[in-house]
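Letters go in sequence order (proteins before strands), and every chain restarts at 1.
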Number of protein chains: 2
Amino acid sequence: MQANTKRSTIKEVASAAGVSTQTVSRVVNGRPDVSDETRVRVQQIIKDLGYRPSAIARSLIQQRSFTLGVVTAGLKYIGPSRTLNGIASAAEAAGYSLLLKELAHFHANDVIPQLNALYAMHVDGIIWAVPEIGDNRAWVNDLSIDLPIPILYLAMEPREGVSVVSINNYQGGRIAVEHLVEQGYRHIGHISGPLDWWEARQRMAAWKDVLTEAGIVVQDHHQVEGNWSSSSAVPAFEKLYNQYPEMDAVFVSNDQMALGVTQFACQKALRIPQDIAIVGFDDIAEAAYFTPPLTTMHQDQHELGTVAVQEVIKIIEANQSGIEIEESQTIVLTPTLVIRESSLRQKEVDRK
Amino acid sequence: MQANTKRSTIKEVASAAGVSTQTVSRVVNGRPDVSDETRVRVQQIIKDLGYRPSAIARSLIQQRSFTLGVVTAGLKYIGPSRTLNGIASAAEAAGYSLLLKELAHFHANDVIPQLNALYAMHVDGIIWAVPEIGDNRAWVNDLSIDLPIPILYLAMEPREGVSVVSINNYQGGRIAVEHLVEQGYRHIGHISGPLDWWEARQRMAAWKDVLTEAGIVVQDHHQVEGNWSSSSAVPAFEKLYNQYPEMDAVFVSNDQMALGVTQFACQKALRIPQDIAIVGFDDIAEAAYFTPPLTTMHQDQHELGTVAVQEVIKIIEANQSGIEIEESQTIVLTPTLVIRESSLRQKEVDRK
DNA sequence: CTGAAAGCGCTAACAC
DNA sequence: GTGTTAGCGCTTTCAG
């Protein structure tokens, strides 16, 4: 039992045990070249003194911290949190600690201080998990902030010379809209996310392409922009419905907005999916319990995080052992369609 | 522009500038006792070499890291994420970094390694943000893991000799149920969270107490246990409804479960709130867009996090300047009622 | 205003 | 098996 006052050092353990600090170090690190007798004695003293080795002193000398830096934003939303969850569990499994920085805003482009702060803490690698918005990626190719450690980018448009792990939003959008087309819908509107978001543009582009390929003419007034929130979707859908009254289905760029659409439709006595079919994106936990349950694109943000961790660590280990590996890898995960009631062409029997 | 290869040191800067490392240190730390000429020259060289001071070397010598350890669990749920969000923004504002550990399970009680890992990284304080479940707090009073740094506990039953920042779940439960009683409901059921959770027990106790005080007899079959998820609420509510058919209102221990209840009610053609009123707990972003919009207890988990950070830092700074402060403070935040349609006694006019 | 020496807590490399 | 020496990158202390 140690006193709750100060950190005990390897030196104190050494002198209490009557050995050198070196021997204590060997015991702590489980090296084989210590006699059993010594080992046991030292271990006992370590316990008695409540000695806990200093990881940062070790980092300093080994030039290796077994720590990963993570820069994120918008943790109050479930998407970024699920990704962080994946990062945290993979890091834990790999024996790495996590140093977390959250940007105050998604748009923040004063990123240099964040990067420097992480580097100052000797992180072995960095995962940049802030979504790509507007020009907040302009700095990526700025060599002046080049760090001697790997940086892995999440949820970003793949780029030359940069490691990226991403979800294929374009493909996801295609699958969603193709599903609606297959169900027989021909007047398919779109509520997009904010169009300065790369992900929103990808999903919208897919919507356009699939319809065009199906021989359906896409016009500007078939689409309205939301801001990802349920509240934004209510006026957005109202506007869309007014300017596109033939609309019989809508691809909504995330589930929160789909919820807003659902509420509005309910108020206007529009039946889902008989009068208007809905497909969302994300597959949040609540989607299965909307009224009616929401068809949506499931994206595995948890896995996005775990893959990211595995990739940085792969690069770190490779650098460590001097192996040259291809610098910039790009990994893309594809979302999957989860079909629920909100998008199903009803059979005659279903119409009461 | 430095080469993307290795960390440059204070020594390199010093010799390149023709000064001592001491002088470089003074420049880096903005000390006044350097001539302007020297300062400018050194700053230029720092830039040229891409020198970034090592925070861990500094931590080692100053015995102070300006880093907080955070232990959390369940980041895939929105509650813990919102708290982490609050922690992160407050830490950023105070100039502290965050070292994050996520427990694989809520129940994990092998906490010593987590604590030790954080301490090994020289964190200045720890925020324990894992909910209190079963006996996963048994270790709190175990002196053998006493650390020489402050630990602040979140969302835990207040205890002697321990600093706690918590949300008053009992009070929140009372407010929720009192609202239903005021609306005129007399047959109020309860779907609780898992009863090994302290928070679930608190809310349930409040439900019992308020009804009893109102002269309403509470019986065992008026309550059913869920597991916080929407899916658990469907069979839970079905069972509750069968065994308590007079029930005209239900206090559900979180919003996800309230959503499950909503869906089931809708399928059974039970109208909300005419046939069954619902009050939830949490005020998740989606709650305002349920059909009908959900009355719920808003708990400010973001603030829970910011307050926690401010408290640990207060203790840290006090210890630092040798001031003795009362060791164990308890701060309790109270949730607020957000009234929406799901709980309103309808006027005649509202009934079509 | 600037520098030299010592050392934070630990481990690599080498001796014995 | 175990100890000694040196030093990771920085700051504190004390001289000048």
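Put simply, B/T21 has no side-chain N or O that comes within less than 4.0 Å of OP1 or OP2 on C/dG3. Applying the 4.0 Å criterion to OP1 and OP2 of D/dG3, one finds that A/S20 has a side-chain N or O inside that range. In this model, the phosphate group of D/dT11 is approached by a side-chain N or O of B/S25 to a distance below 4.0 Å at OP1 or OP2. An OP1 or OP2 oxygen of D/dT11 is reached within less than 4.0 angstrom by a side-chain nitrogen or oxygen of B/R58. Taking side-chain N and O atoms only, A/T38 has a distance below 4.0 Å to OP1 or OP2 of D/dT2.
C/dG3 atom P lies 12 Å from atom CG of B/D33, rounded to whole Å. In this structure, B/K11 places its NZ atom 14 Å from C1' of C/dA6, rounding to the nearest Å. Atom CZ of A/R41 is separated from atom P of D/dG1 by 15 Å (rounded to the nearest Å). If you measure from atom CD1 of A/I56 to atom P of D/dC10, you get 13 Å, rounded to the nearest angstrom. Computed from coordinates, the B/E12 CD to D/dC10 C1' distance equals 14 Å when rounded to whole Å.
Between A/R82 and A/E303 there is no salt bridge, since no side-chain N of the basic residue sits under 4.0 Å from a carboxylate O of the acidic one.
At a threshold of 4.0 angstrom between heavy atoms, the contacts of B/R31 are confined to the sugar-phosphate backbone, with no base atom among them. Within the nucleic acid shown, A/S59 has no heavy atom closer than 4.0 Å to any nucleic acid atom.
Using a 3.5 Å distance cut-off with no hydrogens or angles, the side chains of B/H122 and B/T67 do not pair a donor with an acceptor. Checking B/E132 against B/N136 by side-chain atom types alone, no donor-acceptor pair falls below 3.5 Å.
Remark on DNA chain D: of its neighbouring residues B/L60 and B/R26, the 5'-side contact belongs to B/L60, judged by nearest-heavy-atom nucleotide. Comparing B/Q22 and B/I61 against DNA chain C, the residue whose closest nucleotide sits nearer the 5' end is B/Q22.
Between the side chain of A/D124 and the backbone N or O of A/S65, at least one donor-acceptor pair lies under 3.5 Å.
Other residues, nucleotides and ligands contribute over 12 non-hydrogen atoms within 6.0 Å of the OH atom of A/Y96.
Side-chain atoms of A/T23 lie closest to D/dT2 of the nucleotides C/dC10, C/dC8, D/dT2. Of the candidates C/dA12, D/dC10, C/dT2, the closest approach to any side-chain atom of A/Q62 belongs to C/dA12.
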